[in-house]
Amino acid sequence: MSSQTMEPEQTTSEDPPAARSGWSAQSSTLGLVAVAGVFAALVFLLVKDSLTDDAYITLAYAKNLATDGHWGLIPQQISNSATSPLNVLLLGALAWVTTWFGEVSPVFGLGVLTVLVTMAQAWGWARLVRALRLTGWVGIATAAVGLLLVLANPFVLSAVGLEVLLVPAVLVLMVAFVLESRPVAFGVVAGLALLIRLDLVIFVVLLALCTQAIRRKLHIAALSAVLVSAPWYLFSWFYLGSAVPDTLVIKQSQGGLFGIWTYLTGPIMYFIGKMRDVGFAFLPMVFGVLALLAWLLVRFGVRWTNRPPALGPVLALGLGGLAYYGVYTVMGVGPYHWYYVPPMVALSSALAVLAGWWLARAREQERLRIAAPLGALGLVALLGLGNLANDMRHGVPWESPVIFGNWASAQDYARVGEELGQRLAGATVASPGEIGTLAYFCECSIVDVFSDRGQAIDRVDERIDESNAIGKAVWRFNYLWLDRSVQPRPVDYELVYEEGPGSGPDTWEVNSANKGVGHFRLEPAQPR
């Protein structure tokens with residue numbers, strides 16, 4: 001790819017300054033941010049009673065952090081299985097605030113965070129379209145469509161509680177600050193992105209290198225990112241024994257849970273299994289790839305009388321989505337639905353920008369007809385509305401997420417967790433395989449590889465042994481300070497899940513949109 005494609009072009013003296021655009025008015029930006037916040041609140045009310053088990057892992061971390069300043073899935077042990085440190089820190093801070101008014105409530109904190117992060121994303125969209133001179137209703141429509149593609153995506157909504165709303169916010173903000181040639185602001189947001197998910201470094205690198213304005217001050221941008229993200233990773237490396245969360249090792253070892261399906265073929269699995277519910281979800285990503293290819297083909301074929309800034313950062317965003325998909329395919333992780341959110345939102349956002357940019361340029365050029373680009377933006381909006389219609393058809397509010405694989409509903413897990421905590425009276429129980437919601441409501445010593453560092457060490461050693469020479473060196477360096485003397489916690493009971501109805505002492509019948517009727521049974525632990 002030539003550097004010319006990725007460079008922003010200098011606007012001429014005839015270019016209308018940003019201050020003249022409708023998007024420069026403070027009221028327009030505030031209006032977009034306010035509407036986005038209201039919509040996010042409604043989205044949270046839609047999904048809050050159906051959060052997945054993995055979302056409750058994050059909420060359990062946040063609860064322990066808020067109440068005891070403890071980093072762990074359960075109060076009794078330190079662990080390092082929270083994929084997104086920033087998500088836990090933000091939720092923990094908001095949950096701590098709720099203690100001022102009574103009992104700690106990480107779920108309420110999640111609702112507040114959902115609204116705030118979406119408002120931040122809307123603010124980023126306002127800056128982005130202003131930087132691209134998408135004025136008036138075209139800019140408003142572009143930003144609204146971009147937000148809709150994220151907030152109506154069933155893959156996003158089915159994983160609320162994880163970092164799925166933080167990701168699009170930092171991606172949009174990074175693109176906006178690159179377009180504005182602001183290396184310090186870009187570096188700060190890039191540092192936050194690395195705290196959300198370390199694998200977002202793919203987007204950080206591509207966006208940092210795509211324009212000369214950032215490359216010239218790359219040291220400033222890099223220093224800003226390091227100052228934001230390094231303190232946590234140093235703390236995690238020394239105190240938790242690993243800079244990278246153990247989740248990476250754990251999830252790589254669980255790829256076989258999906259049978260023949262891998263991350264590469266996962267979209268086919270979801271399409272076959274839930275075509276009616278997720279049929280629109282992957283289309284913006286697919287159309288985003290096609291739009292990027294089309295833009296590259298015609299980028300230099302049209303003579304613009306008033307050339308706009310080049311769309312290099314938008315191209316970098318889309319390419320980041322493709323690179324992310326490729327990296328996860330090579331890593332061999334399973335097709336967990338939230339792993340598709342970064343490439344989905346990156347390519348969907350790029351699609352919205354390209355459609356809006358095409359429409360804005362068509363309005364400026366007499367020889368270009370407006371019907372085609374207007375239809376393109378309308379089609380993108382219809383994709384978002386199609387997702388929204390499917391979301392609403394699933395029920396209001398949701399009893400379970402659209403994409404759901406847990407053995408019990410959130411409500412049933414909450415009931416079992418509360419009763420289990422009373423039953424155990426301080427004893428330790430081995431989890432049945434899903435632990436997040438049980439740990440959150442049980443507040444007991446329930447252990448598996450996510451909560452018990454002693455069990456996680458075995459997985460770590462297996463991963464190191466199976467790696468090549470370079471992999472061994474990287475993993476050993478990451479776990480250089482890991483305390484390997486930690487032993488698995490002895491268990492007194494085992495919680496076992498079985499399909500079908502169940503009754504009797506220490507038995508809890510549950511239901512799941514995925515598995516149907518089943519039951520959990522508490523048994524004395526077997527010798528290991």
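Computed from heavy atoms alone, side chains included, the values below leave out hydrogens, waters and symmetry copies.
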Show your working on side chain to side chain contact (heavy atoms under 4.5 Å, CB included) between V517 and V510 and close with a plain yes or no. CA-CA 6 Å; V517 176; V510 296; over 6 Å; no
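- Between the CZ atom in R127 and the CG atom in L179 there is a gap of 11.0 Å [rounded to 0.5 Å].
- Counting heavy atoms from C-beta outward, V97 and W100 have side chains that approach closer than 4.5 Å.
- Under a 3.5 Å cut-off, the side chain of Y270 and the backbone N or O of I403 do not form any donor-acceptor pair.
- The two residues T262 and P335 make their nearest non-hydrogen contact at O-CB, 3.6 Å.
- Across all non-hydrogen atoms, the minimal contact from A193 to V170 is CB-CG2, 4.0 Å.
- In this structure, V244 and Y233 have side chains that are not in contact, with every pair of non-hydrogen atoms separated by 4.5 Å or more.
- Summarising the geometry of A66 relative to V104, their closest heavy-atom pair is CB-CG2, 4.1 Å, with the distance given to 0.1 Å.
- With rounding to the nearest 0.5 angstrom, the OG1 atom of T114 is 12.5 Å from the CE atom of M119.
- Contact detail for S236 and N80: the closest heavy-atom pair is OG-ND2, 3.9 Å.
- Separation of the F441 and Y413 ring centroids does not fall under the 6.0 Å cut-off.
- Other residues, nucleotides and ligands contribute only 12 or fewer heavy atoms inside 6.0 Å of the CZ atom of F108.
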With side chain to side chain contact (heavy atoms under 4.5 Å, CB included) as the test, would you mind laying out the steps for V327 and D199 before giving the verdict? CA-CA 9 Å; V327 168; D199 50 33; over 6 Å; no
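- In terms of modelled atom types and a separation under 3.5 Å, the side chain of N64 and the main chain of G72 share a donor-acceptor contact.
- Considering only heavy atoms from C-beta on, T211 comes within 4.5 Å of P313 through its side chain.
- For M392, the CE atom is loosely surrounded, since the number of other residues' heavy atoms within 6.0 Å does not exceed 12.
- Of the possible polar contacts, one joining the T98 side chain to the A95 backbone as a donor-acceptor pair under 3.5 Å is found.
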Could you check D391 against W398 for side chain to side chain contact (heavy atoms under 4.5 Å, CB included), going step by step and ending with a plain yes or no? CA-CA 9 Å; D391 296 336; W398 283 1; 4.0 Å; yes
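- In summary, the aromatic rings of Y328 and Y340 are positioned with their centroids too far apart to meet the 6.0 Å limit.
- Between F450 and Y61, the shortest heavy-atom contact is O-OH, 4.1 Å.
- Between the side chain of Y440 and the backbone N or O of A55, no donor-acceptor pair lies under 3.5 Å.
- To the nearest 0.5 Å, the span separating OG1 on T99 from CG on L94 amounts to 11.5 Å.
- Under the 3.5 Å distance criterion, the side-chain polar atoms of E434 are left unmatched by any main-chain donor or acceptor of D53.
- Looking only at side-chain heavy atoms (C-beta outward), T29 and R130 come within less than 4.5 Å of each other.
- Within the 4.5 Å cutoff, no side-chain heavy atoms of N390 are placed close to those of V402.
- Side-chain atoms of Y324 and F203, non-hydrogen and from C-beta on, do get closer than 4.5 Å to each other.
- Distance alone, capped at 3.5 Å, is enough to place a donor-acceptor pair between the S79 side chain and the L73 backbone.
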Checking E418 against E443 for the side chain to side chain contact (heavy atoms under 4.5 Å, CB included) test, could you report, in this order, the C-alpha distance in whole Å, the side-chain angles of both residues, the deciding distance, and whether it holds? CA-CA 8 Å; E418 290 174 349; E443 297 184 346; over 6 Å; no
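- For the atom pair CG of L110 and OH of Y56, the computed distance is 9.0 Å after rounding to the nearest 0.5 Å.
- Here the side chains of T83 and E163 are in contact, with some heavy-atom distance below 4.5 Å.
- Between the CG atom of L166 and the CG atom of L91 there is a distance of 8.0 Å, given to the nearest 0.5 Å.
- Checking side-chain atoms of D246 against main-chain N and O of S81 turns up no donor-acceptor pair under 3.5 Å.
- For the residue pair V178 and C210, the shortest heavy atom distance occurs at CG1-SG, 3.9 Å.
- Judged by distance alone, with hydrogens and angles left aside, the side-chain atoms of S349 form no donor-acceptor pair with the main-chain N or O of A346 at under 3.5 Å.
- To the nearest 0.5 Å, atom CE of residue M174 and atom CG of residue L206 are 10.0 Å apart.
- A distance of 6.0 Å or more separates the ring centres of F155 and W338.
- Checked by atom type and distance alone, the side chain of T329 never pairs as donor or acceptor with a backbone atom of Y263 at under 3.5 Å.
- A 4.5 Å side-chain heavy-atom check between E399 and S50 finds every atom pair outside the cut-off.
- Checked by atom type and distance alone, the side chain of S512 pairs as donor or acceptor with a backbone atom of N514 at under 3.5 Å.
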